[in-house]
Amino acid sequence: HELTKLSLLVDGTTITLGDVTSCSEEPLESDVFGALDALVRGERERAIALLRKEEKLGVPVERTLGLLAWQLRRLIEIQELYESGVKTSGAIAKELGMKSDFTVRKVLPRLSLFPLTRLKRGMTLLADLDSALKTGAATPGVGLDLFVWKF
């Protein structure tokens, strides 16, 4: 299958190392979503392991922080809508402009674990970590570990 893709890519020309690399690269799938999910369930060790896996794969810490912040912002939006009286996953997803309510359905049973104070504290922790990383006051692995233990 890979050989067929490669032959179609080069269309009769010489195959280069770059051609082989572009056909064989697997898309990088993030474990950040699983890490935050584990963290919410109280599985701090699992969350740290997943974040360390990202680090070992060479995923830039900025990408990891961005994904964590994106998830926390989305959870804040869901929590705020829920507290304002929008209670169904479909209605929340529609209000947020989501194509599917899958994520909201997954989050709703655990919403009590996401009080706004905890989510906002998580955003503050991420902002502090980002600043500490940029000034050299923290290293990525230790900083993410601290985020996990403080969140």
Side-chain angles (χ1 to χ4, degrees), residues 1-2 5-6 9 17-151:
H1 184 341
E2 294 299 314
K5 283 195 314 187
L6 185 57
L9 174 72
L17 180 59
D19 297 329
V20 173
T21 304
S22 68
C23 272
S24 63
E25 276 185 30
E26 300 269 333
L28 194 58
E29 192 169 309
S30 177
D31 285 312
V32 172
F33 301 107
L36 188 57
D37 192 46
L39 186 55
V40 168
R41 289 191 314 265
E43 300 171 3
R44 287 186 168 122
E45 293 83 6
R46 172 130 176 85
I48 287 173
L50 289 170
L51 291 172
R52 286 296 171 120
K53 181 179 171 190
E54 292 278 291
E55 185 181 19
K56 285 179 185 173
L57 290 172
V59 176
V61 70
E62 297 83 7
R63 177 176 181 248
T64 302
L65 291 177
L67 287 171
L68 286 168
W70 180 84
Q71 284 186 289
L72 288 177
R73 278 193 305 273
R74 184 58 86 181
L75 290 171
I76 288 170
E77 293 171 329
I78 292 169
Q79 182 68 273
E80 288 176 339
L81 283 169
Y82 189 83
E83 287 181 6
S84 74
V86 183
K87 302 290 185 186
T88 66
S89 60
I92 292 171
K94 183 178 179 183
E95 195 73 30
L96 294 175
M98 300 168 80
K99 294 179 183 178
S100 166
D101 71 339
F102 173 77
T103 302
V104 180
R105 276 187 287 128
K106 187 176 174 184
V107 167
L108 281 181
R110 296 188 188 144
L111 211 52
S112 64
L113 300 172
F114 296 109
L116 281 174
T117 53
R118 182 179 186 196
L119 295 172
K120 289 178 180 179
R121 185 178 72 241
M123 290 298 289
T124 301
L125 289 170
L126 287 175
D128 291 346
L129 174 56
D130 185 51
S131 178
L133 290 170
K134 287 177 180 170
T135 61
T139 60
V142 173
L144 287 169
D145 289 357
L146 285 173
F147 168 77
V148 168
W149 286 104
K150 289 180 178 181
F151 183 71

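If you read the sequence from its start, that first residue is 1, and numbering goes on from there.
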J.: Which distance, rounded to the nearest 0.5 Å, do you find between the CD1 of I78 and the CG of L81?
T.: 8.0 Å
J.: To the nearest 0.5 angstrom, please state how far the CG atom of L65 sits from the CG atom of L125.
T.: 11.5 Å
J.: With D145, which of R52, K150, R44 fulfils salt bridge (charged side-chain N to carboxylate O under 4.0 Å, His left out)?
T.: R52
J.: Compare every heavy atom of A93 with every heavy atom of S100, then report the nearest pair and how far apart it is.
T.: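 Residues S100 and A93, closest heavy atoms: O-CB, 3.8 Å.
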J.: Quick check for you: to the nearest 0.5 Å, what is the distance between R74 atom CZ and T103 atom OG1?
T.: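 It is 8.0 Å, given to the nearest 0.5 Å.
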J.: Can you see which heavy atom on F33 is nearest to which on Q71, and at what distance?
T.: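 Scanning both residues completely, I find the closest heavy atoms to be CD2-NE2, 2.9 Å.
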J.: If you define the side chain from C-beta out and look only at heavy atoms, does anything of R63 sit under 4.5 Å from E54?
T.: yes
J.: Can we say D101 and K94 salt-bridge, meaning some charged N sits less than 4.0 Å from an Asp/Glu carboxylate O?
T.: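 No, this pair does not count.
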J.: Decide yes or no for V32 and L36: does some side-chain heavy atom of the first lie under 4.5 Å from some side-chain heavy atom of the second?
T.: no
J.: Over all heavy atoms of both residues, which pair between A91 and V86 is shortest? Give the atoms and the distance, please.
T.: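 It is CB-CG1, 3.6 Å.
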J.: Step by step, would you call E83 with L116 a side-chain contact (heavy atoms from CB on, under 4.5 Å)?
T.: CA-CA 10 Å; E83 287 181 6; L116 281 174; 3.5 Å; yes
J.: Look only at the side chain of E55 and the backbone of V61, and say whether a donor-acceptor pair between them is shorter than 3.5 Å.
T.: no
J.: With rounding to the nearest 0.5 Å, note down the distance linking CG in D31 to CG in D37.
T.: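 So the CG of D31 and the CG of D37 are separated by 12.0 Å.
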J.: Identify the two heavy atoms, one from A35 and one from A47, that lie closest to each other, and give their separation to 0.1 Å.
T.: O-CB, 3.4 Å
J.: Would you name the heavy atoms of I76 and L119 that are closest together and state the gap between them?
T.: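 Nearest pair, atom of I76 first, then L119: CG1-CB, 3.5 Å.
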J.: Looking only at non-hydrogen atoms, find the nearest pair between L111 and Q79 and report the distance.
T.: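 Scanning both residues completely, I find the closest heavy atoms to be O-NE2, 3.2 Å.
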J.: Step by step, would you call L72 with F151 a side-chain contact (heavy atoms from CB on, under 4.5 Å)?
T.: CA-CA 11 Å; L72 288 177; F151 183 71; 3.9 Å; yes
J.: Can you check whether F147 reaches D128 side chain to side chain, under 4.5 Å on heavy atoms?
T.: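 Side chain of F147 against side chain of D128, heavy atoms only: no contact under 4.5 Å found.
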J.: Does a sphere of radius 6.0 Å around NZ in K106 hold more than 12 heavy atoms from other residues, nucleotides or ligands, not counting ones at 6.0 Å or beyond?
T.: no
J.: Would you say the side chain of L50 lies within less than 4.5 Å of the side chain of R46, judging by non-hydrogen atoms?
T.: yes
J.: With sequence neighbours left out, write down each residue that passes ring-ring contact (aromatic ring centres under 6.0 Å, His included) with F114, or none if nothing qualifies.
T.: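 Result, ring-ring contact (aromatic ring centres under 6.0 Å, His included) vs F114: none returned.
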J.: Do L108 and I92 have side chains that get closer than 4.5 Å, going by heavy atoms?
T.: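 Yes, their side chains come closer than 4.5 Å.
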J.: In the structure I gave you, are the side-chain heavy atoms of L146 and L129 within less than 4.5 Å of one another anywhere?
T.: no
